Participant: 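Following this message is one structure expressed as structure tokens.
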There are 2 protein chains.
Amino acid sequence: MPHCHSIRQTLRRHGFRVTPQRMLILEALRSAGRHMTAEEIYAAVRAYAPAVDLSTVYRTLRLLARLGLLDRHVLGEGRIVYEWRDQPGHAHFFCRSCREVLHLEADLLGDIARELQARSGLAIEQLTLMLVGLCPRCRASVEGKKDPPASQAAAR
Amino acid sequence: MPHCHSIRQTLRRHGFRVTPQRMLILEALRSAGRHMTAEEIYAAVRAYAPAVDLSTVYRTLRLLARLGLLDRHVLGEGRIVYEWRDQPGHAHFFCRSCREVLHLEADLLGDIARELQARSGLAIEQLTLMLVGLCPRCRASVEGKKDPPASQAAAR
DNA sequence: GTTCATGCAAACACTTTGCACTCCG
DNA sequence: CGGAGTGCAAAGTGTTTGCATGAAC
């Protein structure tokens, strides 16, 4: 666990305790290397420590997010996910067909933030670009069929 | 009600019925001219028709969003709001201090979508730019104080 | 030893669903 | 009239909270 020490420091510096639960949750996210829902994190942690409670996961995620040790994102359909804070800025793409979530390297995000900040006088601390549509695969599979934009079948 | 006729047409065209509930919900959003949560829409509609049920509001919002008659957005903290589809594209800014939501005119959104679409091969249908930070007013009010990035008090 | 954090269970907010009746077309 | 749409009640999700026990420092 490389960042282990600095994490302990961050917790202690703000007057919080270093508990196995907190370290486990961080480690689960770090080693997964992808975003996870609270439920997924709960499952991952319980593989190591079956006694950990879901409420502890929620409490811990909120704390760690506010300490800046991990990021919280709201995806396409309102699903909330967390991820280890490493990539500086990237966008999430939600495919409405296969329900897959893709990460997009978006060098644009920094530019967008700067641009908006200059224009508006806002202090932008977090920027999330959320996209919904069809991934290349699903796009190809519906190609050819005239897709009815919102047929009765599709709308329910 | 100006758009009234084309709305009826859109519903009929897809085989859905025109009901007072559906028209009331659309009208509530149109006349409000701002985004509203399901609960807010429910309250607004009940002012005119007290018998309308909350489940009908949810069912109708989902239907109308899929027909493209209104937009569904996920805001800063995961709150879901709906709004009358008029502005082509704009971003939401959530101030973490006063919890206000500001609309930003973002001419950039179109450009961003085109850029990403070209690079990635994705079919981008919906693009939401979600910002969190401090609005100019709150920014000014915390100026001077060295704000502790995540003090114990702030973190719980 | 204090105090903070956890596990447990219960409450909570928001959204969806099953069903009989209603009313649009 | 037939079936889509509604109101009602109930269940489902995902998340938060109160409290006594247990762990971190």
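Atom set for the values below is all heavy atoms of this structure, side chains included, hydrogens, waters and symmetry mates excluded. These figures come from a predicted structure and were not determined experimentally.
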Participant: Give one of base, sugar-phosphate or nothing for B:Ser55, where a contact means two heavy atoms less than 4.0 Å apart.
Facilitator: base

Participant: Could you go step by step and tell me if B:Arg72 and B:Val81 meet the side-chain contact (heavy atoms from CB on, under 4.5 Å) rule?
Facilitator: CA-CA 6 Å; B:Arg72 178 185 187 275; B:Val81 294; over 6 Å; no

Participant: Mind checking the CG-CE spacing from B:Leu64 to B:Met23? Nearest 0.5 Å is all I need.
Facilitator: 9.5 Å

Participant: Can a donor-acceptor pair be found, under 3.5 Å and without considering hydrogens, that links the side chain of B:Thr56 to the backbone of B:Val52?
Facilitator: no

Participant: Would you say B:Thr56 reaches D:dG7's phosphate, i.e. side-chain N/O to OP1/OP2 under 4.0 Å?
Facilitator: yes

Participant: A:Ile80 has an atom CD1; how far is it from atom P of D:dT13, in whole Å?
Facilitator: 17 Å

Participant: For the pair made of CZ in B:Arg8 and P in C:dC24, what is the distance, rounded to whole Å?
Facilitator: 11 Å

Participant: Which nucleotide wins on minimum distance to the side chain of B:Asp53, given the candidates D:dG5, D:dC8, C:dT6?
Facilitator: D:dC8

Participant: Mapping B:Val18 and B:Tyr82 onto DNA chain C by nearest heavy atom, which one lands closer to the 5' end?
Facilitator: B:Tyr82

Participant: Separation of B:Phe16 atom CZ from D:dG3 atom P, in whole Å?
Facilitator: 17 Å

Participant: Considering just the side-chain nitrogens and oxygens of B:Gln21, establish if one lies under 4.0 Å of OP1 or OP2 belonging to C:dC23.
Facilitator: no

Participant: Between A:Arg22 (CZ) and D:dA23 (P), how many Å, whole number?
Facilitator: 15 Å

Participant: For D:dT6 and B:Arg59 - does any side-chain N or O of the residue sit under 4.0 Å from the phosphate oxygens OP1/OP2?
Facilitator: no

Participant: When you measure from the side chain of B:Arg62 to the backbone N and O of B:Arg66, does any donor-acceptor pair fall under 3.5 Å?
Facilitator: no

Participant: So, the side chain of B:Arg12 versus the backbone of B:Phe16: is there a donor-acceptor pair under 3.5 Å, distance only?
Facilitator: yes

Participant: Establish, with yes or no, whether the OP1 or OP2 oxygen of D:dT16 is under 4.0 angstrom from a side-chain nitrogen or oxygen of A:Tyr58.
Facilitator: no

Participant: Calculate the interatomic distance between B:Arg62 atom CZ and C:dC14 atom C1'; express it in whole Å.
Facilitator: 14 Å

Participant: Without decimals, in angstroms, what is the distance between A:Arg46 CZ and C:dC8 P?
Facilitator: 8 Å

Participant: Any idea which of D:dG7, D:dT17, C:dG25 is nearest the B:Val52 side chain?
Facilitator: D:dG7

Participant: Would you mind reading off the distance between B:Glu39 atom CD and C:dT15 atom C1', rounded to a whole angstrom?
Facilitator: 10 Å

Participant: Rounded to whole Å, please give me the gap between CZ in A:Arg66 and P in D:dT16.
Facilitator: 9 Å

Participant: Would you say a side-chain N or O of B:Arg79 is under 4.0 Å from OP1 or OP2 of C:dA13?
Facilitator: no

Participant: Regarding C:dA5, can its base be found pairing with the side chain of A:Arg17 as donor and acceptor, where the two atoms are less than 3.5 Å apart?
Facilitator: no

